[in-house]
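Reminder, nothing fancy here: chain letters follow the sequence lines and each chain counts from 1. Everything quoted here is computed from the prediction, not taken from an experiment. We use all heavy atoms of the structure for the numbers below, so side chains are in, but hydrogens, waters and symmetry mates are not.
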There are 2 protein chains.
Amino acid sequence: MARRTAEEAEQTKQAIAAAAKQLFIQQGYQATSMEQIRESSGMSKGSIYYHFKSKEQLFMYLLELNMVDWIYKCTERFKLASTATEKLYAIAHHFAHDFENPLMQASMEFSGTKGADPEVIEKIVEMSKFPLPLILDVIQEGIKLKEFAEDDPEKLALLLYSILGGLGIIQFDNYSLEEIESIHRKAIDVFLNGIRA
Amino acid sequence: MARRTAEEAEQTKQAIAAAAKQLFIQQGYQATSMEQIRESSGMSKGSIYYHFKSKEQLFMYLLELNMVDWIYKCTERFKLASTATEKLYAIAHHFAHDFENPLMQASMEFSGTKGADPEVIEKIVEMSKFPLPLILDVIQEGIKLKEFAEDDPEKLALLLYSILGGLGIIQFDNYSLEEIESIHRKAIDVFLNGIRA
DNA sequence: CATTTATTAGAACGATCGGTCAGTATAATT
DNA sequence: AATTATACTGACCGATCGTTCTAATAAATG
């Protein structure tokens, strides 16, 4: 078998991407081999390299998709929130359910890779911070509308980002989704209480 | 050259350990090769494997040293602190200066390693959480002494640990040590303000 | 001084890595 | 129908991985 229709080819590409994403999430970037991706996707080595010119590029492709999706979902949630406070809870909820997003871990690990193309590294580092501007916006809005006390918005944004990022990285081995959500909500509770006007 | 005195042999071991530690911190576990460690330490392959039976064991050795050192320094700082509040600032200060400690990142990455000995993985995962009990103690003390409001201490400890861990993982590319410290202090400010009795 | 033993060096190992390539089959185009 | 472009296969590549092994050297031991 060879030469599928354009549509089928796209399916192949997505099958590879899906398998790769799952493996990168489970094992990280370096621990995942192209051979594993081949096996898991059911496609051949050649097919993978036909659709993606390298492991790095495949990883970047996934990160970009992920980022777009994340931002879209987040802005969708924002439409339902009327106050900055509500928006922060929305972001936290988003992070808590972000078992689909932990590519962030893999991307942080990636930076250390030896032979990696510096250009790709830079892009990935930059990309890993994509939620920051969104958070900054909300905090600036909250301060402007007197929901939050006057303070350095950049610092607060970085802090909240670290909180949520940190929560996402913790090993929640024995915790249920409920408990995880609960801790994320608690994080926002404490954070809000700490910065309230 | 061969066969040094016991003292010199220990120096060799520590030179290897020091080189390995720096590389693990800079590049992560998997991205660091034994060949790099050999080159950086100036020792031979044989010497490395004479002192450490495997890469995994070398890594574990570093983690254990690191943990002991961390806990010692932290309890030393605690002696200077009279209130739970002060102790929290001490912990934050400790995390902020923990450019020597980010083995935590490497250990989190390690868990994903493929062929890794499950026993070693378990030990490492467990070890990566070592600051938690310390934090929990301080928070329980703070609640008991009415410094902090009544609340679930476990949840708060996990939250603070996530905050500090998250701050430690953020890419502070363009930030000075001053700014990093400042953000860590801010983290405690907000956290304390959020849980204050 | 002779022997043993601890410590180092470095060549070599099999396994696996990311990546390439010649070849094939079929859809699309002419 | 003939040709071209696309989608895919799987064997293969050199490099590098963690690890092992043999030999050499010198401290320790008697």
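- Without hydrogens or angle criteria, B:Lys73 side chain to B:His94 main chain gives no donor-acceptor distance under 3.5 Å.
- Distance from the side chain of A:Tyr50 is smallest to D:dC8 among D:dC8, C:dT8, D:dT19.
- Here B:His51 does not reach the OP1 or OP2 of C:dA6: none of its side-chain N or O atoms lies under 4.0 Å away.
- As a whole-Å value, the separation of B:Glu7 CD from D:dA26 P is 19 Å.
- Proximity note for B:Ala9 (side chain, C-beta onward) versus C:dT7, D:dT19, C:dG18: the nearest is C:dT7.
- Whole-Å rounding puts the B:Arg4 CZ to D:dA24 P distance at 18 Å.
- Taking 4.5 Å as the limit, some side-chain heavy atom of A:Lys21 sits within range of a side-chain heavy atom of A:Asn66.
- Closest contact between the side chain of B:Ser44 and the listed nucleotides C:dT8, D:dT9, D:dC17 involves C:dT8.
- Two residues, A:Ala31 and A:Lys53, neighbour DNA chain C, and the one matched to the more 5' nucleotide by heavy-atom proximity is A:Ala31.
- Residue A:Met43 has its side chain nearest to D:dC8 when only D:dC8, D:dA7, C:dT8 are considered.
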Side chain to side chain contact (heavy atoms under 4.5 Å, CB included) between B:Val190 and B:Ile163, worked out | CA-CA 11 Å; B:Val190 171; B:Ile163 293 174; over 6 Å; no

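- If you check every strand for non-hydrogen atoms under 4.0 Å, A:Ser33 touches sugar and phosphate atoms only.
- Between B:Thr5 and B:Thr32, the one whose closest nucleotide on DNA chain D sits nearer the 5' end is B:Thr32.
- Remark: P of D:dA28 and CD of B:Glu8 are 9 Å apart, rounded to the nearest angstrom.
- Contact check for B:His93 versus B:Arg77: side-chain heavy atoms found under the 4.5 Å cut-off.
- Using a 4.5 Å heavy-atom cutoff, the side chains of A:Leu164 and A:Leu160 are in contact.
- Looking at the side chain of A:Thr12, the nearest of the listed nucleotides D:dC8, C:dT7, C:dA9 is D:dC8.
- For B:Met34, the listed nucleotide lying nearest its side chain is D:dT19; candidates were D:dT19, C:dT8, D:dA7.
- When the nucleotides D:dG18, D:dT6, C:dG19 are ranked by their closest atom to the side chain of A:Lys45, C:dG19 comes out on top.
- If you take OH of B:Tyr49 and P of D:dA23, they are 21 Å apart, rounded to a whole angstrom.
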